[in-house]
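Since this is a predicted model, take the numbers as computed values, not measurements. Each chain gets a letter, A, B and so on, in the order the sequences are listed, and its residues count up from 1.
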2 protein chains.
Amino acid sequence: MNHRDAILAAAAGVFAQHGFRGSTTRRIADAAGVNEITIFRQFGSKEALIRAAMQHLTQSAGLATLPDIPSDPERELTVWSESFMQHLRLHSSIIRKTMGEIEERPEMGECATEVPRRASNDLCHYLVALKRQGRITEKFEAKTAAAMLLGAIFSDAMGREMMPENFPQPKEKAAHMYTRVLLRALGVENGSRKATNKQTKRSKQLSN
Amino acid sequence: MNHRDAILAAAAGVFAQHGFRGSTTRRIADAAGVNEITIFRQFGSKEALIRAAMQHLTQSAGLATLPDIPSDPERELTVWSESFMQHLRLHSSIIRKTMGEIEERPEMGECATEVPRRASNDLCHYLVALKRQGRITEKFEAKTAAAMLLGAIFSDAMGREMMPENFPQPKEKAAHMYTRVLLRALGVENGSRKATNKQTKRSKQLSN
DNA sequence: TGTGTAAGTAAGTGACTACTTGCATTTCTT
DNA sequence: AAGAAATGCAAGTAGTCACTTACTTACACA
């Protein structure tokens with residue numbers, strides 16, 4: 001493993017455990033199996049290192065995608081919600097730390113908000129497409145609906161460990177349950193609807 | 001103002017701005033207009049002071065209450081949601097910090113989770129009461145529904161400042177909008193229903 | 001007037017922090 | 001094999017941190 005990458009990974013790990021102030025260069029060096037000096041020669045300063053580590057992390061973060069043409073909303077949204085939730089849970093420590101430090105270090109904000117921003121956009125587009133298909137019967141505001149589902153998933157991922165009795169059991173089904181509540185609020189009926197040939201082709205083009 | 005209270009208030013404020021590691025005894029003493037030594041004589045250590053400040057804070061936190069007998073769900077839930085959201089927004093800094101530090105200082109957890117725990121309980125009870133009145137027509141799981149509304153409110157209070165375009169506008173109406181989405185998911189129809197005499201009496205008894 | 005208590009002042013302790021310098025060693029490239 | 005670049009080691013700098021000690025001041029109450 002490259003020394004540079006080892007340092008970046010160690011910095012991310014230590015930051016997730018101890019936050020910025022608790023991420024001493026010594027701790028990071030030890031975690032990376034590297035001399036403390038090497039950090040300064042590679043990155044110049046602790047601040048530059050942490051910044052680089054955060055960017056390196058968000059760049060490597062993949063997010064599941066929703067189809068452009070909805071076919072089976074409950075299934076598609078559930079899969080997507082589950083993958084989003086898994087991502088949040090996997091990174092819950094670093095997310096909590098970043099949220100706590102964002103007021104003192106606003107430059108972290110751009111980095112930290114990228115994933116939820118994209119998630120919100122993707123979800124809104126999907127819901128608008130559903131509406132265009134005439135499958136949303138209720139009066140409807142995409143951002144409100146999206147904020148509810150994403151908010152529920154986010155809070156679950158952040159808070160379940162601290163207060164498990166506040167959330168539905170088991171945690172593996174939570175994303176599915178939230179999704180169903182949302183779909184019921186929108187008046188979307190269960191079951192899939194076959195996409196037309198034309199739609200299928202277009203969807204395949206777009207997904208490449 | 002009592003010196004002790006001044007120190008507690010200053011500690012809470014400094015902690016909200018800088019977190020535990022950033023809350024130096026000097027900063028707290030300056031903010032309280034008190035000599036640094038006084039802190040150690042009064043509280044023994046920085047850790048004890050911060051703990052005392054957190055407890056002092058949660059004790060003084062009031063939460064709006066929901067009626068035992070639902071009458072006008074949309075109005076009652078909206079008022080309650082708005083008050084809960086206002087509370088979260090008011091304390092967003094300290095909540096974010098506490099969430100970030102909870103893994104390093106688990107004893108903060110009991111303190112931090114008290115308010116959301118009570119909120120979740122209150123909301124679940126209210127929803128169950130609604131169900132018992134036969135006003136929830138859909139298949140229904142109280143905790144899931146509660147987690148969705150509370151999650152949306154929590155995420156809004158924590159995240160709107162960072163990424164306002166992810167949330168419904170204007171922010172003053174957000175709590176109302178989330179509430180309406182939830183009620184639609186539960187199949188609760190609009191409008192109030194008069195409580196019977198019997199119910200009214202019982203509700204009055206319980207609220208004392 | 002004397003006494004106890006809470007507060008302030010001044011100085012300092014030992015541990016830790018980010019970061020630097022000088023020099024020896026390893027590793028990679030050519 | 002030769003030169004260059006990356007890395008390690010030892011030592012040190014200037015600053016901050018929580019916390020202590022020894023002594024002084026202000027005030028309440030008896």
Side-chain angles (χ1 to χ4, degrees), chain A residues 1-57 94 97-98 100-108 111, chain B residues 1-57 94 97-98 100-108 111:
Chain A
M1 194 184 193
N2 190 358
H3 271 173
R4 190 164 219 278
D5 292 343
I7 294 173
L8 285 172
V14 172
F15 178 87
Q17 279 179 50
H18 305 287
F20 186 89
R21 262 184 265 250
S23 297
T24 67
T25 50
R26 176 173 314 210
R27 256 203 273 249
I28 296 172
D30 287 353
V34 148
N35 194 293
E36 200 178 342
I37 319 296
T38 307
I39 288 176
F40 290 101
R41 284 201 270 241
Q42 286 264 5
F43 297 94
S45 75
K46 166 181 160 176
E47 203 185 324
L49 163 62
I50 300 286
R51 203 192 328 267
M54 298 293 287
Q55 283 171 355
H56 184 255
L57 212 68
I94 205 167
K97 252 70 177 189
T98 309
E101 314 237 331
I102 217 161
E103 281 155 320
E104 283 189 283
R105 302 189 155 45
E107 71 276 11
M108 281 183 165
C111 227
Chain B
M1 194 184 195
N2 190 358
H3 271 174
R4 189 163 219 277
D5 292 344
I7 294 173
L8 284 173
V14 172
F15 178 87
Q17 279 179 50
H18 305 287
F20 186 87
R21 262 182 263 254
S23 296
T24 68
T25 49
R26 179 174 312 212
R27 256 204 272 247
I28 296 172
D30 287 352
V34 148
N35 193 292
E36 200 179 344
I37 317 297
T38 307
I39 287 177
F40 290 100
R41 282 201 272 241
Q42 287 264 4
F43 297 93
S45 74
K46 166 181 160 177
E47 203 184 325
L49 163 62
I50 300 286
R51 200 192 332 264
M54 298 292 286
Q55 282 172 356
H56 184 257
L57 211 68
I94 204 165
K97 250 72 178 189
T98 309
E101 316 242 341
I102 218 161
E103 281 155 320
E104 282 189 282
R105 304 191 150 47
E107 71 275 12
M108 279 183 167
C111 225

Acceptor/donor pairs from residues 30-41 of chain A side chains to any protein atom, 3.5 angstrom cut, sequence neighbours excluded:
| unit_1 | atom_1 | unit_2 | atom_2 | d |
| --- | --- | --- | --- | --- |
| A:Asn35 | OD1 | A:Ile37 | N | 2.9 |
| A:Glu36 | OE2 | A:Thr25 | OG1 | 2.7 |
| A:Thr38 | OG1 | A:Asn35 | O | 3.3 |

Supply the atom-to-atom distance [X] [atom1] to [Y] [atom2], rounded to the nearest 0.5 angstrom.
| X | Y | atom1 | atom2 | answer |
| --- | --- | --- | --- | --- |
| B:Met54 | B:Glu107 | CE | CD | 9.5 Å |
| A:Arg51 | A:Lys46 | CZ | NZ | 13.0 Å |
| A:Phe15 | A:Leu49 | CZ | CG | 11.0 Å |
| A:Ile50 | A:Ile28 | CD1 | CD1 | 4.5 Å |

| field | Under 4.0 Å protein heavy-atom contact, by nucleotide of nucleotides 8-25 of chain D - B base, S sugar-phosphate only | value | BBB------SSBB-----
| task | Summarise protein proximity over nucleotides 24-30 of chain C in one line of letters, 5' to 3': B for base, S for sugar-phosphate only, - for none, counting protein heavy atoms closer than 4.0 Å. | result | -------
| task | Evaluate the criterion salt bridge (Lys or Arg N to Asp or Glu O under 4.0 Å) for residue pair A:Lys97 and A:Glu101; output intermediate values, then yes/no. | result | CA-CA 6 Å; A:Lys97 252 70 177 189; A:Glu101 314 237 331; over 6 Å; no
| query | Atom CZ of B:Phe43 and atom P of C:dA6: how far apart are they, to the nearest Å? | reply | 13 Å
| Can you check the A:Gln42 CD to D:dT7 C1' distance for me, whole Å? |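 After rounding, the reported distance stands at 9 Å.
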| Within-4.5 Å side-chain heavy-atom neighbours: A:Arg21 and B:Phe20 | no
| query | Does some side-chain heavy atom of B:Arg27 sit less than 4.5 Å from a side-chain heavy atom of B:His18? | reply | yes
